Structures are given as C-alpha cells and as structure tokens.
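Worth saying up front: this structure is predicted, and the values here are computed from it rather than measured.
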Amino acid sequence: MESFGCISSVLGCSACIVLAGLVFVSYKLGLIYQLFHKTETKSPRHGGESVAEVLRAHGIKFLFTLVGGHISPILVACEKVGIRIVDTRHEATAVFAADAVARLSGTVGVAAVTAGPGLTNTVTAVKNAQMAESPLLLLGGAAGTLLQ
C-alpha cells in the first residue's frame, strides 16, 4: 500500500510541474497580461492623435524627426492636423533643428525619435538646448508593453 502512496505523490508533483510550466509559458507569451489589461477596441482615437491635438493646441507648426516604427502613429496624426513633419538623417540633427526653431520663433521646438539608441543619440543636442535655455520638447518612442 505504501508504494501506491509514493506513486500518487510523484504523479501529483509532475502535475504541479506541468501546471507551473504552462503558467510560465502563458506569462512569456503575454497571455496573462492580455487577460488583465484589455484594450478599448471601439475607441475612435489612438495615442498619436491625442499627442497631435495637444501639439496643435499649443501652436506647434513643425515636428523634426528621424522616422521610426515606434513614433509613426504620432507622425501620421500630426500630418493630418497640419503640423509639418521634417525628416532628418540623424536624431541629433532633429533636436538641433527643433532647438533652432525654438530660438528663432520663441515657441516650443519639438523633436520625436525612436526608442533606445534613437533617444540616446540626442543627448548632446538636448544638453545644447538646455544650456541655451531653449524651450524644447523631445518625444521618445518605446516598444509596446506586449513586446517587452
């Protein structure tokens, strides 16, 4: 009779390992996140449109950027509301151009760059704008939470 008790405890332990494995896999695939964080699929707007409306409300006429996937919703929405998108060859150039607009017009200069190295490439230009006390807004992209 003791051998049956040992077998049932081994089978119970195996079931726990399989269950833990399934929970881990569903976590890594983002299924648990999706379960608790529902998106509003019926919303008529996305985040890029909200950003574009705020920029337009503050009189922004130019947005300097190096186009990337993380910030494309912002760029598309800005173009729809009449903000001119100026594409540059380097992120630092985008920030230097936004700094120049701020200095010459007295309004806020806006630059948008992608995540990671795109953001770190702007450090010198941002420090330059800070030293000149230029009003500058830098928008940095980020990977979707589901992809992290």
Side-chain angles (χ1 to χ4, degrees), residues 9-148:
S9 68
V10 168
L11 289 176
C13 188
S14 298
C16 288
I17 291 172
V18 169
L19 181 63
L22 287 172
V23 169
F24 177 74
V25 168
S26 63
Y27 171 76
K28 288 308 257 183
L29 291 174
L31 300 176
I32 294 176
Y33 182 87
Q34 289 178 7
L35 183 66
F36 292 109
H37 299 89
K38 299 292 184 186
T39 58
E40 182 59 49
T41 57
K42 295 179 180 143
S43 176
R45 296 172 55 104
H46 57 76
E49 291 172 338
S50 298
V51 171
E53 287 297 322
V54 169
L55 293 176
R56 186 179 64 148
H58 287 279
I60 304 301
K61 298 195 182 344
F62 299 98
L63 187 139
F64 298 92
T65 186
L66 179 62
V67 176
H70 297 136
I71 57 171
S72 61
I74 296 171
L75 303 179
V76 170
C78 283
E79 194 171 47
K80 282 182 184 176
V81 298
I83 297 172
R84 182 171 174 207
I85 305 299
V86 181
D87 192 19
T88 62
R89 289 183 167 229
H90 196 272
E91 292 89 354
T93 306
V95 177
F96 279 128
D99 180 22
V101 165
R103 291 185 195 194
L104 294 172
S105 68
T107 62
V108 177
V110 181
V113 296
T114 59
L119 189 61
T120 56
N121 285 341
T122 65
V123 171
T124 302
V126 169
K127 185 62 179 178
N128 191 50
Q130 179 193 16
M131 295 299 289
E133 298 181 0
S134 297
L136 180 73
L137 174 64
L138 177 62
L139 302 171
T145 308
L146 210 54
L147 299 175
Q148 292 178 352

Let me confirm one number: the [atom1]-[atom2] distance from [X] to [Y], rounded to the nearest 0.5 Å.
X: Asp99; Y: Leu104; atom1: CG; atom2: CG; value: 9.0 Å
X: Thr107; Y: His58; atom1: OG1; atom2: NE2; value: 12.0 Å
X: Leu75; Y: Ile83; atom1: CG; atom2: CD1; value: 10.5 Å
X: Asp87; Y: Phe64; atom1: CG; atom2: CZ; value: 11.5 Å

Which heavy-atom pair separates [X] from [Y] by the least distance, and what is that distance?
X: His90; Y: Ala92; result: ND1-N, 3.1 Å
X: Cys78; Y: Ala52; result: N-CB, 3.6 Å
X: Thr122; Y: Gly118; result: CG2-O, 3.5 Å
X: Ala111; Y: Ala94; result: CB-O, 3.9 Å
X: Gly141; Y: Ala115; result: O-CB, 3.1 Å
X: Arg45; Y: Glu49; result: CA-OE1, 2.9 Å

With side chains defined as the heavy atoms from C-beta onward, is the minimum distance between [X] and [Y] less than 4.5 Å?
X: Leu137; Y: Leu55; value: yes
X: Thr88; Y: Phe96; value: no
X: Val113; Y: Thr65; value: no
X: Thr114; Y: Leu66; value: no
X: Leu138; Y: Val126; value: yes
X: Val81; Y: Glu53; value: yes

Does Glu79 reach the main-chain N or O of Val76 with its side chain, forming a donor-acceptor pair under 3.5 Å? no

Looking at Gly48, is its backbone amide N or carbonyl O close enough to the side chain of His46 to form a donor-acceptor pair, meaning the two atoms are under 3.5 Å apart?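 Between the backbone of Gly48 and the side chain of His46 there is a qualifying donor-acceptor contact (under 3.5 Å).
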
Decide if atom CZ of Arg84 counts as having more than 12 heavy atoms of other residues, nucleotides or ligands within a radius under 6.0 Å.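 Open.
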
Check the pair Ile71 / Leu139 against side chain to side chain contact (heavy atoms under 4.5 Å, CB included), numbers first and verdict last. CA-CA 8 Å; Ile71 57 171; Leu139 302 171; 5.8 Å; no

